[in-house]
Amino acid sequence: MQVLPTDVDKEQVQSFKEFLTSYNKLSETCFVDCIFDFTTREVKKKEDKCAMNCMEKFLKMNQRISQRFQEFQMIANENALAAAKKLQQ
Amino acid sequence: MAGQPVIDEDKMKLVQELEIEMMSDMYNRMTQACHKKCIAPKYAENELGKGEAVCIDRCVAKYLDVHERVGKKLTQISMQEENFMKGQPKPG
């Protein structure tokens, strides 16, 4: 029996892919910004704290950006709708 | 949409998918840009500072604004180019 990918699968794969990509980007950013001590192999307490703060801050920033983006999109949609209505009249 | 040439469903779907993909790419780029512009790489706290929050709000608004401006200008220029090419005799 052959399993055909459905639209739902495709969407799930896509969102998983996006999650992994942002995970990679996040660890790169926090590593670059927080890890400076290469005299030891251990992740220092300070570095760990910085990296964890970096991650939490990033998530909060993402939330805020998404909120603002949605607001803009809603306004743009409303404007487009109003313009379309005006054209119809 | 009235007056537009009829586009078959497959093409519509492709265009829609492309639009979503482009939107998400733009969103990711905006996130990266605003992170770089607004968040100082000193992570002493796990909360967004007030200044950082305001900066992000403005950054998103400005990014979308510039995105629109660039799009308009790009359309304008490429239309000019197209008209110019039409008026030009074909080479060779």
Report summary line: Distance col, row A:Arg64:CZ vs B:Cys34:SG, nearest 0.5 angstrom, shows 12.0 Å
Requested in this report: Sort B:Glu45 into side chain, backbone, both or neither according to what part of it lies under 4.5 angstrom from a heavy atom of chain A.
Outcome: backbone
Requested in this report: Return the option, out of A:Ala84, A:Ala76, A:Ser66, with the maximum number of heavy-atom pairs under 4.5 Å with chain B.
Outcome: A:Ser66
Query raised in the report: Does the side chain of A:Arg68 reach to within under 4.5 Å of the side chain of B:Ile56, using non-hydrogen atoms?
Result: no
**Report entry** Where A:Phe72 and B:Ala61 come nearest, the two heavy atoms and their spacing
**Finding:** CZ-CB, 3.3 Å
Query raised in the report: For the candidates A:Thr21, A:Thr29, A:Ile65, which exhibits the highest count of non-hydrogen atom pairs separated by less than 4.5 Å from chain B?
Result: A:Ile65
Query raised in the report: Which atoms of B:Ala53 come close to chain A, meaning under 4.5 Å heavy atom to heavy atom: side chain ones, backbone ones, both, or neither?
Result: both
Query raised in the report: Measuring heavy-atom distances to chain B, does A:Gln63 have an atom under 4.5 Å in its side chain, in its backbone, in both, or in neither?
Result: neither
Query raised in the report: Linking I/L/V/M/F/W/Y whenever their side-chain heavy atoms sit closer than 4.5 Å, directly or via other members, would B:Met26 and B:Val60 fall into one cluster?
Result: yes
Report summary line: Heavy-atom closest pair (B:Asn46 atom, A:Lys60 atom, distance to 0.1 Å) is O-NZ, 3.0 Å
**Report entry** side-chain contact (heavy atoms from CB on, under 4.5 Å) against B:Lys73, all qualifying residues, sequence neighbours excluded
**Finding:** B:Gln76, B:Ile77
Query raised in the report: Considering residues, nucleotides and ligands other than B:Met22, do more than 12 of their heavy atoms fall under 6.0 Å from its CE?
Result: yes
Query - Residue A:Glu71 versus chain B: region with a heavy atom under 4.5 Å - result: neither
Query - A:Cys34 portion near chain B, given a 4.5 angstrom heavy-atom threshold - result: side chain
Requested in this report: Give, for atom NZ of A:Lys46 and atom OH of B:Tyr43, the distance between the pair rounded to the nearest 0.5 Å.
Outcome: 15.5 Å
Query raised in the report: Checking A:Lys25 against chain B: side chain, backbone, both or neither under 4.5 Å from a heavy atom?
Result: side chain
**Report entry** Atom CD of B:Glu17: over 12 foreign heavy atoms under 6.0 Å
**Finding:** yes
Query - Region of B:Tyr63 in contact with chain A, defined by heavy-atom distances below 4.5 Å - result: neither
Report summary line: Value for OG1 (B:Thr31) from CG (A:Leu26), rounded to nearest 0.5 Å, stands at 12.0 Å
Report summary line: Max heavy-atom pairs within cutoff under 4.5 Å with chain B, candidates A:Lys57, A:Met52, A:Glu56, goes to A:Lys57
Query raised in the report: Under a single-linkage definition using a 4.5 Å side-chain heavy-atom cutoff for Ile, Leu, Val, Met, Phe, Trp and Tyr, are A:Leu59 and B:Met30 assigned to the same hydrophobic cluster?
Result: yes
Query raised in the report: A:Phe69 versus chain B, heavy atoms under 4.5 Å apart: side chain, backbone, both or neither?
Result: both
Query raised in the report: B:Lys42 versus chain A, heavy atoms under 4.5 Å apart: side chain, backbone, both or neither?
Result: backbone
**Report entry** Sub-4.5 Å side-chain heavy-atom contact between B:Met23 and A:Gln73
**Finding:** yes
